[in-house]
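Counting from 1, the numbers follow the sequence of the chain as shown. Note that ligands are numbered from 1 as they come in the structure, with each ligand's atoms numbered from 1 the same way.
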Amino acid sequence: MDQLDDILHQDLDPTETQEWIESLNAVISHDGTERAHYLLERMVDSTRRAGGYLPFDPTTEYINTISPNNEAKSPGDAALEWRIRTLIRWNAMAMVVRANRKPGELGGHIASFASSATLYDVGFNHFWRAPSAEHPGDLVFHQGHSSPGVYARSFLEGRLSEEQLDLFRMEVVGKGRGLSSYPHPWLMPDYWQVPTVSMGLGPIQAIYQAQFWKYLEHRGLIPKSDRKVWCFLGDGETDEPESLGAISLAGREGLDNLIFVINCNLQRLDGPVRGNGKIIQELEGVFRGAGWNAIKLIWGSYWDPLLARDSKGVLRKLMMETVDGEYQACKAFGGAYTREHFFNKYPETAALVANLSDDDIWRLNRGGHDPHKVYAAYHAAVNTKGMPTVILAKTVKGYGMGAAGESQNPTHQQKKLDAEAVRHFRDRFNIPVTDDKLADVPYFHPGKDSPEVQYMLERRRQLGGALPQRRRHAEVKLKAPELPAFEQITKGTGDREISTTMALVRGMNLMLRDKQIGERIVPIVADEARTFGMEGMFRQIGIYAPFGQKYRPQDADQLLYYREDQKGQVLQQGISEAGGMASWMAAATSYSISNQPMLPFFIYYSMFGFQRIGDLAWAAGDMRARGFLIGGTSGRTTLNGEGLQHEDGHSHLLSGSIPNVKSYDPTFSYEVAVILQDGTRRMLEEQEDVYYYITVMNENYSHPDLPQGVEEGIIKGMYLFKDAGKPKKGEPRVQLLGSGTILREVIAAAELLEKDFGVTADIWSVPSFSEVRREGFDAERWNRLHPEAEQRVPYVTGLLQGHQGPAIAATDYVREYADQIRAFMPDGMRYTVLGTDGYGRSDTRDHLRGFFEVDRYWIAHAALAALAKDGKVNAKDVARAIKTYKLDPEKPNPLTV
Ligand SMILES: Cc1ncc(C[n+]2csc(CCOP(=O)(O)OP(=O)(O)O)c2C)c(N)n1
Ligand SMILES: [Mg+2]
């Protein structure tokens with residue numbers, strides 16, 4: 001290596017070097033840079049063949065990728081666009097400053113948008129198409145905390161009023177007119193399309209959105225088009241694993257419908273992103289390595305003449321040597337500082353700026369603030385074929401904020417500007433607000449007939465309409481299959497034993513055959529299709545592969561071979577739950593983003609679901625995703641051998657915390673059928689903004705027929721599975737509740753109780769404690785608020801009322817899960833909850849259920865203990881149960897071991 005370094009950095013024969021460079025320059029001037037590139041590649045190739053070791057260098061010089069002579073020229077009116085931008089800057093700043101002068105600490109950000117205003121403006125004015133009859137529309141992921149700038153544009157366009165700007169971050173009093181802190185489709189459903197503010201979620205979603213569009217195109221569900229996903233993110237945001245974790249997928253699949261714009265203002269919240277390095281270089285290497293077209297947009301036009309005169313490359317060398325912390329200091333301290341600490345480092349560079357004043361040096365702009373350069377970069381990006389593009393735009397955090405924030409470490413959180421700072425801002429951008437008004441920081445609108453507004457509106461007209469805008473409903477009307485279509489799984493299995501996972505996969509297969517919705521089903525897996533018995537789908541509907549299958553699969557001679565296909569329907573996302581989830585979100589929002597409703601099923605190990613990708617699941621709720629998440633091989637004791645990291649006993653608590661998620665833990669295949677049918681009806685037919693979480697298990701047992709009239713109960717979350725009838729006089733009675741596989745232990749416990757203790761039991765199947773809880777609290781709240789009206793009876797109260805004895809619930813989840821409905825037990829009904837609190841471990845199902853105290857014996861024992869407390873049996877009976885069932889009273893609490 002040392003020798004190689006020497007060769008690369010010491011010129012053994014400068015004359016020879018010069019001759020080669022001159023030859024190359026001749027090629028460039030006669031035949032262009034592409035020809036030169038070709039020749040160089042050939043030479044590199046020859047050297048390698050001769051045995052030369054030429055290590056890959058992922059980075060290029062610290063200058064713009066697009067040279068000035070290759071820049072596409074903007075057709076826009078630069079002066080007018082500058083005026084518009086200044087007004088947007090002002091109003092965005094005013095919105096935040098005004099919000100923070102009110103009582104209540106509303107917060108907001110000025111500095112981030114200040115750095116990216118030009119990047120957004122050029123997009124809005126020239127590139128981003130709204131959906132229209134002619135075009136399906138682009139999709140823009142905005143940096144979440146730059147939202148004030150987007151609102152400020154909408155204000156000028158007349159889409160938002162002054163009153164609304166004053167309701168920034170005041171959504172409660174705003175009653176639907178308030179403006180969200182960040183992009184939230186839940187709160188502004190006609191405006192924001194995608195939530196982004198949780199760092200990293202925008203980029204990963206953008207990649208899978210782009211992939212999903214190609215998927216829809218290849219499958220013939222949408223026409224091929226040149227629409228693009230544009231994703232804005234911060235340079236600090238790239239530290240999130242989600243930001244960069246999926247970029248190789250975009251490179252591999254050649255997603256040329258994807259453009260990342262990374263706002264490299266060199267700062268994050270606390271300070272510099274890479275004070276001792278250069279974030280743009282680092283990212284260039286990472287993205288190029290992943291197969292992206294990386295466009296560096298570092299220097300603005302004022303640097304062009306300097307670079308043109310840099311014949312010996314000393315300025316370039318200096319640019320490369322200087323670290324980001326130093327670049328930040330230059331912008332913070334101004335022109336004189338920059339001359340002294342930057343240019344004066346070498347006599348050649350000092351000479352380059354000898355004729356420039358300090359103010360001129362100060363004006364040497366960064367690429368991301370130069371609309372001409374930004375236009376050229378965007379133009380190159382949208383015309384790139386066969387690969388995704390990343391634009392690395394260098395900007396100044398807090399641009400225009402002066403001493404109050406420009407390139408200052410704490411600027412990210414600056415939201416209150418004093419009078420002096422506001423005056424500076426006005427003067428810097430020439431805003432027509434007079435001194436006497438300045439104290440109020442008033443919004444400024446030039447009037448709807450002003451040239452500025454007319455220009456903006458005309459630009460948007462040319463691009464299909466206003467943005468952002470969100471479609472609430474797809475135009476396509478779909479009909480969900482009725483329950484009889486699910487007969488295969490509503491009918492009992494007789495002696496055959498199957499798992500709920502198998503029932504679910506059968507249900508999916510039935511839906512895949514449906515004429516209307518079959519093609520809209522999107523099965524998504526993260527390398528676990530075989531785990532869930534879905535490998536039949538590989539052959540039947542194929543695995544999506546954008547370039548088809550280029551090899552003969554190892555199992556080609558098998559019936560169910562690994563079939564990849566450009567029109568494949570299964571999305572195999574590899575071992576990436578975050579990828580699977582982001583992919584699911586793309587499909588689940590396709591009704592809105594592409595006007596094509598789809599019904600995705602993402603099937604994964606439930607342990608690696610909500611707790612691993614919970615923040616995406618939360619964002620999915622926000623963006624009104626519609627689809628099924630399937631927590632496979634769930635249950636702390638049901639997935640028995642896999643142990644602590646696999647056995648899930650709590651995902652239902654996490655899913656239950658997302659307001660528009662409906663969670664179910666079915667026991668029988670007919671329950672799976674009813675939930676699937678109803679979910680499909682609600683999401684596809686009614687277009688409700690809900691999504692479903694269903695846990696399925698891998699324990700095989702036989703399933704009964706769908707009992708008469710229980711459908712509504714299943715959907716509401718609880719129904720009477722076995723009615724013990726009216727109790728005989730003196731006969732102790734209990735109410736047993738359960739879900740998932742543990743309901744079967746409950747059923748077995750009822751038999752033990754009757755046989756061994758003469759206790760009879762009504763048995764309740766509770767496929768959703770979460771739904772029952774929600775309804776209960778809703779009724780309770782309503783009653784409190786309507787004290788004089790006839791009081792509503794919570795659903796579960798109504799069911800249990802009139803039934804005797806204490807209630808005992810057991811599930812394969814932690815106690816909190818079944819405990820959720822405690823508040824709605826009828827007066828006087830004791831409620832005991834068993835659950836699997838504690839770490840899972842490997843063993844047989846029987847052993848685990850004994851260990852976690854949720855098997856039939858522990859349930860029977862708990863029932864007797866409750867009856868004893870109620871005075872219906874004696875303590876002796878409870879002691880007898882402990883003995884008969886061989887329960888160890890000194891056994892440690894499973895929570896603690
Ligand atoms: C997951 C997550 N963690 C932390 C934050 C808090 N946060 C908001 S903005 C920000 C700094 C962002 O820096 P950068 O990405 O460089 O964006 P800039 O504002 O500089 O454009 C942080 C840490 C967040 N929004 N999301
Ligand atoms: Mg930043």
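The aromatic ring centres of Phe425 and Phe429 sit less than 6.0 Å apart. Between Tyr327 and Trp299, the gap from one ring centroid to the other is short of 6.0 Å.
In summary, of the residues considered (His145, Gln413, Met401, His412), a side chain to side chain contact (heavy atoms under 4.5 Å, CB included) with Ile110 occurs for Met401 alone.
Heavy-atom contacts of Lys397 reach the following atoms of ligand 1: 18 (P), 19 (O), 20 (O) (cutoff under 4.0 Å).
A donor-acceptor pair shorter than 3.5 Å can be found between the side chains of Tyr191 and Ser154. Side-chain atoms of Glu81 and His126 include a donor-acceptor pair closer than 3.5 Å. For the 3.5 Å distance criterion, the side chains of Tyr182 and Arg169 qualify, holding a donor opposite an acceptor. Defined by atom type and a distance below 3.5 Å, a donor-acceptor pair is missing between the side-chain atoms of Gln408 and Lys397.
At a threshold of 2.8 Å, the Mg ion (ligand 2) has no backbone or side-chain N, O or S atom of Ser115 nearer than that distance. Not one N/O/S atom of Glu237, from backbone or side chain, sits under 2.8 Å from the Mg ion (ligand 2). Under 2.8 Å from the Mg ion (ligand 2) lies no N/O/S atom of Asn263, from backbone or side chain alike.
The shortest N or O to N or O distance between Ser198 and ligand 1 is not under 3.5 Å.
Looking only at N/O/S atoms, Asp235 comes nearest to the Mg ion (ligand 2) through OD1.
We find that Asp121 and Arg153 are joined by a salt bridge, their nearest charged nitrogen and carboxylate oxygen being less than 4.0 Å apart.
Shortest contact from atom 23 (C) of ligand 1 to any protein heavy atom: Leu269 CD1, 3.9 Å.
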Begin from the C-alpha positions of Tyr691 and Tyr693 and carry the test ring-ring contact (aromatic ring centres under 6.0 Å, His included) through to its verdict. CA-CA 7 Å; Tyr691 75 83; Tyr693 176 54; 8.9 Å; no

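Nearest residue to atom 2 (C) of ligand 1 from His109, Met199, Arg268, His412 is Met199 (criterion: closest heavy atom). In this comparison of Val197, Asp615, Ile279, Asn265, the heavy atom closest to atom 25 (N) of ligand 1 sits on Val197.
Ligand 1 has at least one atom lying under 4.0 Å from a heavy atom of Glu240. Residue contacts with ligand 1 do not include Ser115, since none of its heavy atoms lies under 4.0 Å from the ligand.
Only the backbone of Gln267 comes within contact range of ligand 1, with a heavy atom under 4.0 Å; no side-chain atom does. Both the backbone and the side chain of Asp235 come within contact range of ligand 1, each with a heavy atom under 4.0 Å.
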